[in-house]
Each structure stands twice: as structure tokens, then as C-alpha cells.
Amino acid sequence: MNKERDLIILTSFIAIGIFVLGTVVSLLQSIQILPILILGIIFLILILLQVYSKFNHITENFEKIVFFVTLFSIIISFIYLYEAI
């Protein structure tokens, strides 16, 4: 786990960047970017908790769930967009 600390730090910088960018855009432009801001906060918390083994298992299970939800939504969107005329 100590070998992965540098990767955790770098990915947490990415999550912090998403949070800062989402905050600036939602304050200056519109509130439509708010879901990205919320996801950035969630990702930041999950990435920083990767140091502990208990949270590591939780996030791996969460990753599997999100993968299947994303795959299902892509399949549904292709069916919806490319239906026969």
C-alpha cells in the first residue's frame, strides 16, 4: 500500500482540481455544473480514504457498481439514439 501513496496523492490533486473548477464555474456561470462539483467532492473523499484497507474494499465494490451502471446507461442511450426508422 505504501507504493501506491504517490498515485493516491496525484489522483487527489485531480479531484481537488475538479472541486475548484466546479466551484468557480458554478459561481461565475450557472448552477448546471453543480453535479460535477458534488462528484468531485465525493471522489476527493474516496481517494483520500484509500489509505485504509476497509475503505479500499468499499471503493472497489463501489467501482464495480458504477461500472455496471455506466455500461447499462451507454447501452440504453445507444438503443434510444439508434432505433430503426
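All residue numbers in this chain count up from 1 along the given sequence. Please read these numbers as outputs of a predicted model, since none were measured by experiment.
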Could you pull out all donor-acceptor pairs under 3.5 Å where a side-chain atom in residues 33-45 meets a protein atom, sequence neighbours excluded?
none

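- Judged as a side-chain contact (heavy atoms from CB on, under 4.5 Å), and not counting sequence neighbours, the contacts of Ile75 are Leu71, Ile79.
- Taking CZ from Phe68 and OG from Ser73, the interatomic distance works out to 13.0 Å, rounded to the nearest 0.5 Å.
- The residue from Ile76, Leu81, Ile74 that alone fulfils the side-chain contact (heavy atoms from CB on, under 4.5 Å) condition with Phe78 is Ile74.
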